[in-house]
Amino acid sequence: MASERYNPREAEPKWQAAWDAAEVFRTRNEDPRPRYYVLEMFPYPSGRIHMGHVRNYTMGDVVARYKRARGFNVLHPMGWDAFGLPAENAAMQNKVHPAKWTYENIATMRAQLKSMGLSLDWAREIATCSPEYYRHQQKMFIDFFKAGLVYRRKSKVNWDPVDMTVLANEQVVDGRGWRSGALVEQRELEQWNFRITAYSEELLAALDGLDRWPDKVRLMQRNWIGKSEGARVRFEFAAPAPNGDRTLEIFTTRPDTLFGASFMAIAPDHPVARACGAADPDLAAFQEKCRQMGTSVAVLETAEKEGYDTGLRVKHPFLPGVELKVFVANFILMDYGTGAIFGCPAHDQRDLDFARKYGLSVTPVVLPPGADPAVFTVGDIAYDGEGTLYNSGFLDGLSIEAAKDAVAGRLETTEVDGAPQGTRQVNFRLRDWLISRQRYWGCPIPMVHCEACGVVPVPAAELPVKLPDDATFDRPGNPLDHHPTWKHVACPSCGRSARRETDTMDTFVDSSWYFARFTDPWNETAPTTRSAVDAWLPVDQYIGGIEHAILHLLYSRFFTRAMKATGHAGLDEPFAGLFTQGMVVHETYKGPEGWVSPAEIEITEIDGKRTARMKDGGATVEIGGIEKMSKSKKNTVDPTEIIGGWGADTARWFMLSDSPPERDVIWTEAGAEGAHRFVQRIWRMVGDALPFVSGPAPARPAEFSAAATALRKAAHKVLAAVEDDIEKLAFNRAVARIYELANTLQKAVLDARAAEGAAADAGLAAALHEAFDILVRIIAPMMPHLAEECWQVMERDGLLATSDWPVADRALIVDDTIVLPIQINGKKRAELTIGRDASEAEVTAATLAHEAVVKALDGKAPRKVIVVPQRIVNVVA
RNA sequence: GCGGACGUGGCGAAACCGGUAGACGCACGAGACUUAAAAUCUUGCGCCCACAAGGCGUGCGGGUUCGAGUCCCGCCGUCCGCACCA
């Protein structure tokens, strides 16, 4: 047995089949044990899994298997984020139907995931593109609509005139469509939106309660929601604007600086600007120029502030007789605040840049602490720090906060044009979620447009609104719109001929509730079963990439609230614990003809210098930087090849070793070899130890020998540490502790074998038996196949996958004697071995009697002796 | 520009509350086994000086403390997020 190498190609499928046959990972909702829901972000079925999936799903699987061993009823499901653009692109390029392409990819990837030995409940598998899933999404859409959480509105979108479709912002590159290369136009289209802003305040406030989320993610969401408190102020026009407006309403977070106002600025698309532009060709040209500039990031960064004087004037609310010019300016955004501002150049850098360019006055109104009001001026840098108000009439002498209050108070009680001149206002950066997509491969929006009845939801009994199978993809635009018959229906309300909505939903909708569907994916009549969804949610541990820190997680938080509002769930927050794992990165290689893959090259190392050559031809290859695995740089490693070659356990072990899980991990051949060596080493050790560890546990002696006790202590200490590490998802630390135990056990086995025939130490045999039991059980979550195989050759009962986690004996974890470092003047000079419970006086006495201390003190009395119990002694000479 | 995170051996890292810096792994060196190689085992491995003793070391400079990788202040560098949000 000991001489045979462990063969993962044989063992892994065998144990996967055994687990399957025993339905070990099937989760029953009615199981009375405490529940634990661990979920990894489900994959998009792009075709093949990549190493990032391997890392993500390994981490989740360790948690699932560990929690199962700890006695929890674990829910660990898997599914497919199966709608989306790539399927449609494949349809256009390869003449294959998106459904066929998607389901084939799913089949491939399911097999790949299964080869990893993940403890998933495949009976709950869902694909978001199946009508059995999206029918429920349509039901919820209608419920949200009825609850006022869905509405339709004209929105500005990026329109690709060649592909005849709407593009997401990230699909617009330098103002052009990423695929067609056509100049993207801003178009106004009637679009469906989710009213996520109804929850702005709540989504922000609830972040504080998500204490098992990374601070980084919470901060990103906080910034994204972007709450700012300020005031809306209405400035009266000296003469009405061309569109008839008598006042210009602005939003400001600095009402305290109102006395420093020197101009007004409005967005190019502001209604007043449009009205002015209609009568002024020069202004219209300027507005058009601003619109063109809109999208390109590079232009935005360098764009100079520019404006156009409309000729309009407004009255300053507090300074009778003072009038301010109204500019149309390129740096004012229509969709933030009111699309208009007052400019206070002294205390806002943008306003200052603008004022300098157009020769507008700059009046400081906040005096920095300690500055002389007679001398203080603003040059090229606006002052936005703390200070005291001056040059500001009734505000003089107030702090900024007090002045904000005073201004708001005054404006609330002043009337202009029949309404208060100003109101306190909380503003959010967060905008409503535009979900309309002019695509085929998405969830159809279950609405009908009727000339007589308007927008009518499809009746629940008629759901799902299914995608037509016979769509064509050979011309640009929305295949649903092109379809000859699909969109023509009778109005559900009046029965007259009407038109189906041809927009489909953003795929982020699909992934905003899949975690809830997993709790009862068999329910055919409703999206969720309340008893199941309320019992399982929130997800105890959610694991995925940082790239979803904002959108997916924010949308899911919104969706859960909307589901609560419509009776589909009973809670607000879907994910109690969140962990964001790092990427898998790899060295890059550049050959004479561009990037080459790791598989194509050979690396040799001479005197510490690594050189790479092509395997084929031997051409020199330049070793480049370590970067995220990507097809374009060809620095990918295929999980199938790794699993086929080394086995799933090697891949899993590597993914958990070395790098902390939140950080990037560098995939290296040497590291994979190292991981595989450890797999073999465990197997060899178990084989060598079989005489001591197989079969039932030997009787325990009344007293363990010193060697046996040391072994037991080592095993139990590591066990306790590994528990702690897995609970904290510190897998790399758990791995290090397991290596430590393996090193200890290896020596112990060697010693035990050498001593064979000599006086038998019954205690040592029992200790070895126990220690190997612990070793195999603690590697099981990480390397489940190897552990199962060891379990079998050790002749233990049943499947390890269904066994309990071992119990750490606390008495063995604390030592009777401890080694205390002795510092002299803060530097370590000696060590003191002393009883754990030694009093401070005893420690002091023993320290002062220590040779090194006596020598250092040279007969003098120490100035001070600091004893930190159980930790350290410091003698100050 | 604003906000955040992080800088520890040749490399990935550990050090949980301010208490032995470098656990564990990779790479590398030496040795054993072998006809040989692979595998395996033993052993060494921060730097300086080395016989020992010692000195210096956690990006740089200061500070607090009996004691600082850890706390505070100021720099430098790397990475990430947001980006004209009024």
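Lettering follows sequence order; numbering is per chain, from 1.
When the nearest nucleotides of RNA chain B are assigned to A:R829 and A:T252 by heavy-atom distance, the more 5′-ward of the two goes with A:R829. Two residues, A:G826 and A:D658, neighbour RNA chain B, and the one matched to the more 5' nucleotide by heavy-atom proximity is A:D658.
Within 4.0 Å of A:E831, counting heavy atoms only, lies at least one base atom of the nucleic acid. Using a 4.0 Å heavy-atom cutoff across all strands shown, A:Q221 reaches no nucleic acid atom at all. Residue A:D348 is classed as having no contact, given no heavy-atom separation below 4.0 Å to the nucleic acid. Within the nucleic acid shown, A:N732 comes within 4.0 Å of sugar-phosphate atoms alone, with no base atom in reach, counting heavy atoms only. Across all strands shown, A:S228 has heavy atoms under 4.0 Å from sugar-phosphate atoms exclusively, and none from any base. Within the nucleic acid shown, A:R871 comes within 4.0 Å of sugar-phosphate atoms alone, with no base atom in reach, counting heavy atoms only. Among the protein residues, A:K827 comes within range of the sugar-phosphate backbone only, with heavy atoms under 4.0 Å from sugar or phosphate atoms but none that close to a base. As judged by a 4.0 angstrom heavy-atom cut-off over every strand, A:S657 is placed among residues making no nucleic acid contact. At the heavy-atom level, A:I866 lies under 4.0 Å from base atoms of the strands shown. Within the nucleic acid shown, A:R663 comes within 4.0 Å of sugar-phosphate atoms alone, with no base atom in reach, counting heavy atoms only. In this structure, A:N743 reaches the sugar-phosphate backbone alone: every heavy-atom distance under 4.0 Å involves primed, P, OP1 or OP2 atoms, never a base.
A:H347 and A:Y383 get closest at one heavy-atom pair: ND1-O, 2.8 Å. Of all the heavy atoms in A:V843 and A:L832, the pair that sits closest is O-CD2, 4.2 Å. Across A:W224 and A:L554, no two heavy atoms sit closer than the pair CD1-CD2, 3.5 Å. The minimum heavy-atom distance between A:G339 and A:I332, with the atom names listed, is O-CG2, 3.4 Å. Nearest heavy-atom pair, A:D351 versus A:F342, reported as atom, atom and distance to 0.1 Å: OD2-O, 3.9 Å. Annotation for A:V54 and A:A651: closest pair CG1-CB, 4.5 Å, computed over non-hydrogen atoms.
Distance from the side chain of A:R681 is smallest to B:C41 among B:G12, B:C41, B:A86. For A:I666, counting side-chain heavy atoms from C-beta on, the closest listed nucleotide (B:G12, B:U40, B:C24) is B:G12. Residue A:R733 has its side chain nearest to B:C16 when only B:C16, B:C41, B:G4 are considered. The side chain of A:A670 sits closest to B:C26 out of B:G25, B:A86, B:C26. Taking the side chain of A:P660 as heavy atoms from C-beta on, and the options B:A13, B:C16, B:C66, the nearest nucleotide is B:A13. Of the candidate nucleotides B:A86, B:G67, B:G4, B:A86 has the atom lying nearest to any side-chain atom of A:Y336.
The base-pairing partner of B:U42, taking Watson-Crick or G-U wobble contacts with both distances under 3.5 Å, is B:A30. Across all strands shown, B:G9 forms no Watson-Crick or G-U wobble pair with both distances under 3.5 Å. Of all nucleotides present, only B:C48 satisfies the Watson-Crick or G-U wobble test against B:G54, with each distance under 3.5 Å. With a cut-off of 3.5 Å on both pairing distances, the Watson-Crick or G-U wobble partner of B:G19 is B:C66.
For B:G19, the base has a donor-acceptor partner in the side chain of A:Q823 [N/O atoms by modelled type, under 3.5 angstrom].
Residue A:R677 places at least one side-chain N or O closer than 4.0 Å to OP1 or OP2 of B:C26.
A:N635 and A:T588 are not linked by any side-chain donor-acceptor pair at a separation below 3.5 angstrom, with hydrogens and angles left out of the test.
A glycosidic torsion no more than 90° from 0 defines the syn conformation; B:C56 lies beyond that range and is anti. B:G9 takes the syn form, because its glycosidic angle lies no more than 90° either side of 0.
When the shell of 6.0 Å around CZ of A:R222 is examined, it contains more than 12 heavy atoms from other residues, nucleotides or ligands.
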Dump the pairs, protein N or O against N or O of nucleotides 78-81 of chain B, anything under 3.5 Å, distances to one decimal.
{"residue": "B:C80", "atom": "O2'", "partner": "A:K216", "partner atom": "NZ", "Å": "3.3"}

